[in-house]
A.B. asks: 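Submitted below is the structure of interest, expressed as structure tokens.
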Amino acid sequence: MTISMYQASVPVFRRGLTQCAVLLAKAEGHAAARGFDAAILLASRLAPDMFPLARQVQIAADGARGAAARLAGAGLPDPEAEDFAVFNRGVRHAFPADEETFPQLAARIVAALSYLDSLAPDRIDGAEDRPVAVTMGGRTRHFAGLPFLLHYALPNFHFHITMAYAILRHGGVDLGKQDFEGPAVYTAG
């Protein structure tokens, strides 16, 4: 049995983003139940030099869209489009300042899921050798599709989802491993 580039990318991004939305909903409920401003959680970080929760979610959502777009050979959005900040690595600009609530971050996740749903498998399958360029800090890195997915896009995506989980857990949100992983996927038999 073989696995396709589509199967190794889009469903993985979808699952991670879906579970990230679950984490955010639980965090919002946690803040409401305890009577504190949810913005405290959104601004929380694990260390002073790390990005806060809101940025971790933005990077995960944009990273999933950006990776899928590159694998599909799709054009990237306008570099000035703030709702695609990580899509446009190397173009230094801020994330949207208006994403300061859980519903706004949830909307970003919905937009990312919608974008992923718009990509047919045949646009990504066969992208193992497709050239992919990613510019960060003025330096362009060149990949073939498969190493880009396995050694850059997926680890980066999982890192930011994991940091979101860790920040919320550290903030006292009642989360468990199942909240991070999502429902188990078993085979019949």
A.B. asks: Passes side chain to side chain contact (heavy atoms under 4.5 Å, CB included), Asp62 versus Arg108? Steps please.
C.D. replies: CA-CA 9 Å; Asp62 285 2; Arg108 190 181 197 94; 2.7 Å; yes

A.B. asks: How are the rings of Tyr165 and Phe180 set relative to one another: parallel (under 30°), tilted (30 to 60°) or perpendicular (over 60°)?
C.D. replies: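 The rings of Tyr165 and Phe180 stand perpendicular, inter-plane angle above 60°.
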
A.B. asks: Are Leu71 and Leu150 linked, directly or through intermediate hydrophobic residues, by side-chain heavy-atom contacts shorter than 4.5 Å (ILVMFWY only)?
C.D. replies: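 Yes, it is one cluster - the side chains of Leu150 and Leu71 are joined through contacts under 4.5 Å.
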
A.B. asks: Return the set of residues passing ring pair (Phe, Tyr, Trp, His ring centres under 6.0 Å) with Phe157 (not counting sequence neighbours), or none when no residue passes.
C.D. replies: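 Result, ring pair (Phe, Tyr, Trp, His ring centres under 6.0 Å) vs Phe157: Phe13.
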
A.B. asks: Nearest 0.5 Å, what's the NE2-CD distance between His160 and Gln58?
C.D. replies: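 His160 NE2 to Gln58 CD: 11.5 Å, rounded to 0.5 Å.
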
A.B. asks: Ignoring hydrogens, what is the shortest heavy-atom contact between Ala68 and Leu116? Give both atom names and the distance.
C.D. replies: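 Minimum heavy-atom contact is CB-CD2, 3.5 Å.
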
A.B. asks: Mind running side chain to side chain contact (heavy atoms under 4.5 Å, CB included) on Met163 and Leu53 for me, showing each step along the way?
C.D. replies: CA-CA 8 Å; Met163 290 305 100; Leu53 173 64; over 6 Å; no

A.B. asks: Taking all heavy atoms of Glu128 and all of Pro147, pick out the closest pair and write down the distance.
C.D. replies: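 Looking at all heavy atoms of both residues, the shortest contact is O-CD, 4.2 Å.
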
A.B. asks: Report the distance from atom CZ of Arg130 to atom CD1 of Ile124, rounding to the nearest 0.5 Å.
C.D. replies: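 That separation rounds to 8.5 Å.
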
A.B. asks: So which pairs with a foot in residues 33-45 pass salt bridge (Lys or Arg N to Asp or Glu O under 4.0 Å), sequence neighbours left out?
C.D. replies: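 Applying salt bridge (Lys or Arg N to Asp or Glu O under 4.0 Å) to every pair that reaches into residues 33-45, excluding sequence neighbours, yields nothing.
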
A.B. asks: Shortest non-hydrogen contact from Ala27 to Leu41?
C.D. replies: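 Closest pair (atom of Ala27, atom of Leu41, distance): O-CD1, 3.7 Å.
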
A.B. asks: Within this structure, what is the CD1-OG distance for the pair Ile109 and Ser114, rounded to the nearest 0.5 Å?
C.D. replies: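 Interatomic distance, Ile109 CD1 to Ser114 OG, rounded to 0.5 Å: 13.5 Å.
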
A.B. asks: With ring-ring contact (aromatic ring centres under 6.0 Å, His included) as the rule and sequence neighbours excluded, what pairs involving residues 31-62 come up?
C.D. replies: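 Sorted pair list: His30-Phe36.
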
A.B. asks: Please answer: with hydrophobic residues joined when any side-chain heavy atoms are less than 4.5 Å apart, are Phe148 and Val12 in the same cluster?
C.D. replies: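 Looking at the clustering, Val12 is in the same group as Phe148.
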
A.B. asks: Could you list all the salt bridge (Lys or Arg N to Asp or Glu O under 4.0 Å) pairs where at least one residue sits in residues 154-181, not counting sequence neighbours?
C.D. replies: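 Passing the test, one end in residues 154-181: Lys26-Asp179, Lys177-Glu181.
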
A.B. asks: Not counting sequence neighbours, list each pair that qualifies as a side-chain hydrogen bond (donor to acceptor under 3.5 Å, both in side chains) and has a residue in residues 116-126.
C.D. replies: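 Qualifying pairs: Ser4-Asp125, Arg14-Asp117.
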
A.B. asks: Going only through I, L, V, M, F, W and Y residues with side-chain contacts under 4.5 Å, is there a path from Leu119 to Val110?
C.D. replies: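 No, no single cluster joins them.
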
A.B. asks: Do you know the tightest heavy-atom contact between His142 and Ala133?
C.D. replies: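 Where His142 meets Ala133 most closely, the heavy atoms are ND1-CB, 3.9 Å.
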
A.B. asks: Measuring from atom OG of Ser44 to atom CD1 of Ile167, what distance do you get when rounded to the nearest 0.5 angstrom?
C.D. replies: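 One finds 7.5 Å between OG of Ser44 and CD1 of Ile167.
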
A.B. asks: Tyr6: what forms a ring pair (Phe, Tyr, Trp, His ring centres under 6.0 Å) with it, not counting sequence neighbours?
C.D. replies: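 Per chain and number, Tyr6 pairs via ring pair (Phe, Tyr, Trp, His ring centres under 6.0 Å) with no residue.
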
A.B. asks: Is any side-chain heavy atom of Pro121 closer than 4.5 Å to one of Met5?
C.D. replies: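 Not in contact.
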
A.B. asks: Please determine whether residues Val22 and Leu42 belong to a single hydrophobic cluster, defined as Ile, Leu, Val, Met, Phe, Trp and Tyr linked transitively by side-chain heavy-atom distances below 4.5 Å.
C.D. replies: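 No, because Val22 and Leu42 fall into different hydrophobic clusters, even though each may have its own neighbours under 4.5 Å.
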
A.B. asks: Any idea which heavy atoms bring Cys20 and Val57 closest together, and the distance?
C.D. replies: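 Closest pair (atom of Cys20, atom of Val57, distance): SG-CG2, 3.9 Å.
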
A.B. asks: Please step through side chain to side chain contact (heavy atoms under 4.5 Å, CB included) for the pair Leu24 and Glu28, ending with a clear verdict.
C.D. replies: CA-CA 6 Å; Leu24 294 179; Glu28 186 176 27; over 6 Å; no

A.B. asks: Might you point out which heavy atoms bring Ala61 and Ala112 nearest each other, and give the distance in Å?
C.D. replies: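 Distance-wise, the nearest heavy atoms are O-CB, 3.8 Å.
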
A.B. asks: Report whether Val132 and Leu146 are members of the same hydrophobic cluster (ILVMFWY, side-chain heavy atoms less than 4.5 Å apart, transitive linking).
C.D. replies: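 Yes; tracing contacts between hydrophobic side chains, which count when under 4.5 Å, links both residues.
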
A.B. asks: Quick check for you: to the nearest 0.5 Å, what is the distance between Leu105 atom CG and Leu23 atom CG?
C.D. replies: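 Reported to 0.5 Å precision, the distance equals 12.0 Å.
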
A.B. asks: With rounding to the nearest 0.5 angstrom, report the CD to OG1 distance, Gln56 to Thr162.
C.D. replies: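 Taking CD in Gln56 and OG1 in Thr162, the distance rounds to 9.5 Å.
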
